[in-house]
Amino acid sequence: MALSCVYMTADVYMVCLQHALSTEKEEVMGLLIGEIDSKKVAHISAVIMLRRSDKRKDRVEISPEQLTNAAIQADKLTHELGQPMRVLGWYHSHPHITVWPSHVDVRTQAMYQMMDECFVGIIFSVFTEDKATKEQQVQVTCFQSTNQSPEGEAPQFIRLEVPLHIKPTENLSKLCLESMVELPEILFQEERDSYDVTTKLTFLSILAQLNNKAVLTKALCHITEVVSGPLVTALEQRKAINIKRYEDLLKEKRRLIALKS
């Protein structure tokens, strides 16, 4: 196994989960940014959400352009943070299905490992129900691929589980905050792209055109309801907590100054 384990910061985990929960109809995906130490331990500290080019339910594809742009962003982070950063993995969601990677996922993972043996995949299973409690549950798995075929024979890749640890963080990093804020725009642009395709069809009747506009409007309202609204509420709550913390620290500062004098 190329990797011994993976550490993901809690704020990155929250961003990935928010992305996974943004839609229960199609799978979403993104790239993981961080560094790998000398002990082959991956440390994930940033995430890049990707727009879906193919919105079929069981398809997640990362284009070469998206990988290149992610590498450029990782290089920029290296200079900004003063520490090596690289694209070291990918994540995607499994809405309403098991967390375990499909044979397509395993082959895709193997392809990435041909370019980088430390590349890792993470899957978020969402919108599934616990049979005993009937409650919604979220499952996460971290994996690589390994070839179980003897040398010289056609490769047969299987899942190789990698231990995943969530590292607590006190604050939401600037990088993760920017990713969270970007999510509604990504979803909006995906819907807009789908709608723009229909506008190029010359044979549509007026009723069909009106229907397509209504579908777009409904989709945008849904994004506002399930993503933008809760996101604004969450950020307002976090702001209130930060203001309260600032006021408490200010009081403590004044108390210590008074004791010193």
Side-chain angles (χ1 to χ4, degrees), residues 3-22 28 30-49 70 72-89 91 93 120 122 124 126 133 135-142 162-187 223-261:
L3 284 177
S4 57
C5 67
V6 174
Y7 281 87
M8 173 186 280
T9 59
D11 51 353
V12 169
Y13 175 85
M14 181 175 65
V15 171
C16 293
L17 183 58
Q18 180 194 27
H19 193 193
L21 291 170
S22 65
V28 301
L31 291 170
L32 306 168
I33 308 295
E35 56 181 328
I36 298 175
D37 63 25
S38 58
K39 297 180 180 179
K40 293 294 182 71
V41 175
H43 300 269
I44 301 171
S45 54
V47 59
I48 298 176
M49 296 179 183
I72 293 173
Q73 291 192 46
D75 187 59
K76 289 174 60 178
L77 290 176
T78 296
H79 294 290
E80 291 176 7
L81 302 177
Q83 63 186 56
M85 301 286 279
R86 57 186 274 197
V87 180
L88 50 76
Y91 73 91
S93 65
V120 67
I122 295 179
F124 290 81
V126 290
T133 63
E135 294 180 351
Q136 292 284 322
Q137 62 180 5
V138 173
Q139 293 179 307
V140 184
T141 188
C142 182
V162 179
L164 174 64
H165 307 279
I166 306 302
K167 184 179 179 181
T169 51
E170 293 184 0
N171 302 311
L172 181 64
S173 70
K174 179 183 177 183
L175 299 175
C176 288
L177 178 60
E178 290 174 349
S179 295
M180 290 177 66
V181 172
E182 187 182 12
L183 176 57
E185 177 61 28
I186 291 175
L187 298 176
I223 292 172
T224 301
E225 179 183 2
V226 303
V227 179
S228 301
L231 177 59
V232 170
T233 299
L235 292 177
E236 287 177 342
Q237 291 174 347
R238 184 174 289 271
K239 178 182 177 181
I241 292 173
N242 288 339
I243 291 175
K244 180 65 168 57
R245 185 182 179 189
Y246 167 77
E247 292 173 347
D248 291 342
L249 289 173
L250 198 59
K251 289 180 182 179
E252 181 66 12
K253 176 184 177 181
R254 292 168 180 166
R255 186 185 70 82
L256 293 174
I257 291 175
L259 289 175
K260 186 177 180 181
S261 58

Kindly write out the residues that satisfy side-chain hydrogen bond (donor to acceptor under 3.5 Å, both in side chains) with [X], not counting sequence neighbours, or none if the list is empty.
| X | value |
| --- | --- |
| T224 | none |
| K167 | none |
| T233 | none |
| S228 | none |

Indicate yes or no: at least one non-hydrogen side-chain atom of [X] is less than 4.5 angstrom from one of [Y].
| X | Y | answer |
| --- | --- | --- |
| H19 | V47 | no |
| V28 | S22 | yes |
| T169 | V12 | no |
| L3 | V41 | no |
| L172 | M14 | yes |

TODO: Looking only at non-hydrogen atoms, find the nearest pair between I186 and M49 and report the distance.
DONE: CD1-CB, 3.5 Å

Task: C16 versus L32, closest heavy-atom pair with distance - done: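 The answer is SG-CD2, 4.1 Å.
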
N/O donor to acceptor pairs below 3.5 angstrom from side-chain atoms of residues 238-245, sequence neighbours left out:
from, atom 1, to, atom 2, distance (Å)
N242, ND2, R238, O, 3.3
K244, NZ, D248, OD1, 3.2
K244, NZ, D248, OD2, 2.9
R245, NH1, N171, OD1, 3.4

Open item on the list: Tell me which pairs pass salt bridge (Lys or Arg N to Asp or Glu O under 4.0 Å) where either residue lies in residues 74-84, with sequence neighbours left out.
Closed with: none

- [ ] Would you mind listing every salt bridge (Lys or Arg N to Asp or Glu O under 4.0 Å) that reaches into residues 31-49, with sequence neighbours excluded?
- [x]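 Qualifying pairs: K40-E117.
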
Identify, with sequence neighbours excluded, every residue that meets salt bridge (charged side-chain N to carboxylate O under 4.0 Å, His left out) alongside [X].
| X | answer |
| --- | --- |
| E252 | R255 |
| R254 | none |
| K174 | none |

Task: Test side chain to side chain contact (heavy atoms under 4.5 Å, CB included) applied to I33 and I44, step by step - done: CA-CA 6 Å; I33 308 295; I44 301 171; over 6 Å; no

TODO: Measure from the side-chain N and O atoms of S179 to the backbone N and O of I48, and report whether any donor-acceptor pair falls under 3.5 Å.
DONE: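 Not confirmed, S179 side chain does not pair with I48 backbone.
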
Task: Results of side-chain contact (heavy atoms from CB on, under 4.5 Å) for V138 - residues two or more places apart only - done: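 If we apply the side-chain contact (heavy atoms from CB on, under 4.5 Å) test to V138, skipping adjacent residues, the hits are Y13, L17, V126, V140.
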
Open item on the list: Show, in sequence, the C-alpha distance, side-chain angles and deciding distance for L183 and Q18, and conclude whether the side chain to side chain contact (heavy atoms under 4.5 Å, CB included) test is met.
Closed with: CA-CA 9 Å; L183 176 57; Q18 180 194 27; 3.9 Å; yes

TODO: Check ring pair (Phe, Tyr, Trp, His ring centres under 6.0 Å) between H165 and all other residues, then give those that pass, not counting sequence neighbours.
DONE: Y7

Task: L235/L177 under side chain to side chain contact (heavy atoms under 4.5 Å, CB included): CA gap, chis, key distance, verdict - done: CA-CA 9 Å; L235 292 177; L177 178 60; 3.7 Å; yes

